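Report on the structure given below.
On a predicted model such as this, the values are computed, not experimentally measured, just so you know. The residues of the chain are indexed from 1 along the displayed sequence.
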Amino acid sequence: MLIYEAHPRGKLGQGQIAPRPIAAGYARAFGTIFDSHVTTLISSVILIFMGTGEIKGFGVTLTIGRGASLFTALVVTRLIFQFSARNIIWIKRCGCFHLIRATKLDFMKLAKPAFILT
């Protein structure tokens with residue numbers, strides 16, 4: 001998740017989530033989210049206009065799915081985060097925000113072996 005970064009997580013540990021870090025996370029992530037969806041939408045429009053039969057149907061389905069995904073990524077998740085920021089008790093009970101805690105694994109030390117294996 002691009003939006004849920006370290007600052008809101010730190011605020012959560014203090015028992016609060018400020019709306020400003022959430023808005024900043026969305027502002028930073030907007031370009032990436034929008035770009036990835038628009039690129040796929042361009043491809044789906046090309047499929048609709050240049051394809052035949054089933055290919056056009058796939059293009060239409062892809063367009064509908066990407067539109068719904070873009071709406072969900074930009075609107076629904078923001079509403080969920082804003083709701084969560086107002087209802088901090090719900091977040092503490094949920095417990096899912098602390099599934100991955102700070103790791104003690106040095107990822108850079110494992111970079112060369114991982115590169116060789118892949």
- Query: Can you name the residues that form a ring pair (Phe, Tyr, Trp, His ring centres under 6.0 Å) with F30, not counting sequence neighbours?
  - Reply: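 For F30 the ring pair (Phe, Tyr, Trp, His ring centres under 6.0 Å) partners, ignoring immediate neighbours, are F34.
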
Problem - Donor-acceptor pair, side chain of T118 and main chain of A114, under 3.5 angstrom - result: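 Side chain of T118 to backbone of A114, a donor-acceptor pair under 3.5 Å: yes, one is there.
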
CD1 of I80 to OG1 of T72, rounded to nearest 0.5 Å, is 9.0 Å

Which side-chain N or O atoms in residues 38-52 pair as donor and acceptor under 3.5 Å with protein atoms at least two apart or in another chain?
unit_1	atom_1	unit_2	atom_2	d
T39	OG1	D35	O	2.7
T40	OG1	S36	O	3.1
S43	OG	T39	O	3.3
S44	OG	L41	O	2.7
S44	OG	T63	OG1	2.8

